[in-house]
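Below is one structure; the comments refer to it alone.
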Amino acid sequence: MDGISTPRSCHQILGVERGASGDETARAYLRTAMRLHPAACIDEDDRARVRPLFREAAEAWAVLSDGRVAS
């Protein structure tokens, strides 16, 4: 598929089930953010690779942490 990716849900991005509690979602976001944080990368190429993934995880957390939007 020539670089075309299918959109993932916020739950898929953070690796939680749809019925996950707020605490489970928060822990999943923290794990994902720590793993993908650009400051944790030594190499500039790695930083460039993880920046969009980190941003995607932060946006997923913003949606899921706002109960009005997530439900």
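Please read all numbers here as calculations on a predicted model, not as lab measurements. Numbering of residues begins at 1 and proceeds along the displayed sequence.
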Problem - Least distance between heavy atoms, A57 atom then I13 atom - result: CA-CG2, 3.8 Å

Practice task
Please name the pair of heavy atoms, one in Y29 and one in A58, separated by the smallest distance, quoted to 0.1 Å.
Solution key: CE1-CA, 3.9 Å

Handout entry: Close side-chain approach of W61 to T25, heavy-atom, < 4.5 Å
Key = yes

Problem - Heavy-atom side-chain contact between R18 and S9 under 4.5 Å - result: yes

Problem - Same apolar cluster (I L V M F W Y, side chains within < 4.5 Å links), L30/L14 - result: yes

Handout entry: Atom pair CG/CZ of L53 and R35 - distance to nearest 0.5 Å
Key = 8.5 Å

Handout entry: Straight-line distance of R51 CZ to D46 CG, nearest 0.5 Å
Key = 10.5 Å

Exercise for the section: Taking atom CD of E17 as the centre, report whether more than 12 heavy atoms of other residues, nucleotides or ligands fall under 6.0 Å from it. Expected result: no

Exercise for the section: Carefully, step by step, assess V50 and H37 under the rule side chain to side chain contact (heavy atoms under 4.5 Å, CB included). Expected result: CA-CA 7 Å; V50 298; H37 198 284; over 6 Å; no

Exercise for the section: Kindly determine whether R47 and E44 satisfy salt bridge (Lys or Arg N to Asp or Glu O under 4.0 Å), including the steps that lead there. Expected result: CA-CA 5 Å; R47 277 189 216 114; E44 184 58 39; 2.7 Å; yes

